[in-house]
Amino acid sequence: MSLPEGFANSRPTADHKLEQFLMTPASLEQQVALVGPFLSNKTVFFLGDDDHISPLLARRYNVTPAIYEYDERIRESLTAWFTKLHILNYSVAYYDARQPMQQRGYEAFYINPPYSSRAQGLGAKVWLMRATEACIDNCEGVLVMPSVGGTNSQPWVKSAQQSVSIYLAQNGLDIMDTDLDASNYAETTDAGLHSSNLYLYRSNPKLSQPVEVGNLYN
């Protein structure tokens, strides 16, 4: 199924100071088809959604999205598209990821965090921390991040992935499946960089290791 007319081009311009990079339209279409069945019929926590995948998942896979977003432009754009697509079961709220998440009870999460190329995957770890705060104990989720095993050869990708892998284990999160090189983005500084989908399950919610937020955006 193709994107709604005008959808991709209507997304707010990426703010690189916040490490926003927009998924290409072709990648966005593919991403919906890949993660949709996994998230189908669930209440899903989104920490940011500059790609605007949440209304597409709501329309095609009966996802009930709860989007927590810092950027006012994105909140307004998402709300407009939910209205245009006649989607009623959703929420869009202001949120700064540097603060603890107060809401609870979501069944699953979808996060596409800052790459943190110079901070060993700090963005991914903070986004994971907030997702586990927001979701039920035995939640499932999708983590979108550059990973080794595909076409990525940048040294920082391996370093970030190793650090994030340790953090997953510290928080009882198991990798169930992976889509390598699932998506690419416009205007990235690393030419040819692709992100993969890591499908996660929190098998041991008793494990919890907080991380210092520090400087998220680098």
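Basis for what follows: all heavy atoms, side chains included, without hydrogens, waters or symmetry-related copies.
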Rounded at 0.5 Å granularity, tell me how far [atom1] in [X] sits from [atom2] in [Y].
X: N197; Y: T178; atom1: CG; atom2: OG1; answer: 8.5 Å
X: L47; Y: M129; atom1: CG; atom2: CE; answer: 10.0 Å
X: K42; Y: E107; atom1: NZ; atom2: CD; answer: 7.0 Å
X: D51; Y: S183; atom1: CG; atom2: OG; answer: 7.5 Å
X: L78; Y: R11; atom1: CG; atom2: CZ; answer: 10.5 Å
X: L198; Y: D174; atom1: CG; atom2: CG; answer: 12.0 Å

Go through the steps for Y68 and F46 under the test ring pair (Phe, Tyr, Trp, His ring centres under 6.0 Å), then give the verdict. CA-CA 6 Å; Y68 292 84; F46 293 79; 10.0 Å; no

Do [X] and [Y] come within less than 4.5 Å of each other through their side chains, counting heavy atoms only?
X: Y106; Y: M101; value: no
X: I87; Y: W81; value: no
X: H52; Y: P12; value: yes
X: I175; Y: L168; value: yes
X: L122; Y: V126; value: yes
X: S208; Y: T132; value: no
X: F109; Y: T43; value: no
X: R75; Y: D71; value: no

Give me the atom names and distance for the closest heavy-atom approach of [X] to [Y].
X: F21; Y: D50; result: N-OD2, 3.7 Å
X: R130; Y: Q99; result: NE-O, 3.1 Å
X: L34; Y: P37; result: O-CD, 3.7 Å
X: S163; Y: K125; result: OG-NZ, 2.8 Å
X: W127; Y: P113; result: CG-CB, 3.5 Å
X: V63; Y: L39; result: CG2-O, 3.3 Å

Exercise answer: donor-acceptor pairs, residues 134-150 side-chain atoms, under 3.5 Å, sequence neighbours excluded:
| residue | atom | partner | partner atom | Å |
| --- | --- | --- | --- | --- |
| N138 | ND2 | R202 | O | 3.1 |
| S147 | OG | S196 | OG | 2.8 |

Please walk me through it: do M176 and F38 pass side chain to side chain contact (heavy atoms under 4.5 Å, CB included)? CA-CA 11 Å; M176 298 187 294; F38 182 76; 3.6 Å; yes

Joint hydrophobic cluster, V157 plus I166, side-chain heavy atoms closer than 4.5 Å: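 Different hydrophobic clusters.
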
Shared ILVMFWY cluster between V35 and L180, side chains joined below 4.5 angstrom?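 No, V35 and L180 fall in different hydrophobic clusters.
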
Please test Q31 against Y110 for side chain to side chain contact (heavy atoms under 4.5 Å, CB included), starting from the C-alpha separation and ending with a verdict. CA-CA 12 Å; Q31 184 74 340; Y110 176 95; 3.0 Å; yes

Stepwise side chain to side chain contact (heavy atoms under 4.5 Å, CB included) check, H194 with N152: CA-CA 7 Å; H194 287 76; N152 295 324; 4.2 Å; yes

Report the residue from T79, L85, T64 that forms a side chain to side chain contact (heavy atoms under 4.5 Å, CB included) with Y90.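 Testing each of T79, L85, T64 against Y90, the sole residue satisfying side chain to side chain contact (heavy atoms under 4.5 Å, CB included) is T79.
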
Result of checking L22, N112, L193 against Y185 for side chain to side chain contact (heavy atoms under 4.5 Å, CB included):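 The side chain to side chain contact (heavy atoms under 4.5 Å, CB included) with Y185 is passed solely by N112 among L22, N112, L193.
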
Starting from the C-alpha separation in whole Å, work towards a yes-or-no answer on side chain to side chain contact (heavy atoms under 4.5 Å, CB included) for V211 and L128. CA-CA 10 Å; V211 62; L128 285 165; over 6 Å; no

Between D15 and K17 (side chain of the first, backbone of the second, donor and acceptor by atom type, cut-off under 3.5 Å), is there such a pair?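 Looks like yes, one N/O pair under 3.5 Å.
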
Checking S165 side chain against Q161 main chain: does a donor-acceptor pair fall under 3.5 Å?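 Yes; judged by distance alone, with no hydrogens or angles, the pair exists.
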
Not counting sequence neighbours, which residues clear ring pair (Phe, Tyr, Trp, His ring centres under 6.0 Å) with Y61? List them please.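 Testing Y61 for ring pair (Phe, Tyr, Trp, His ring centres under 6.0 Å), a comparison that skips the adjacent residues, returns none.
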
Flag the pair Y70 / Y95 as yes when their ring centroid distance falls below 6.0 Å, and as no otherwise.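 Here the rings of Y95 and Y70 have centres that are no less than 6.0 Å from each other.
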
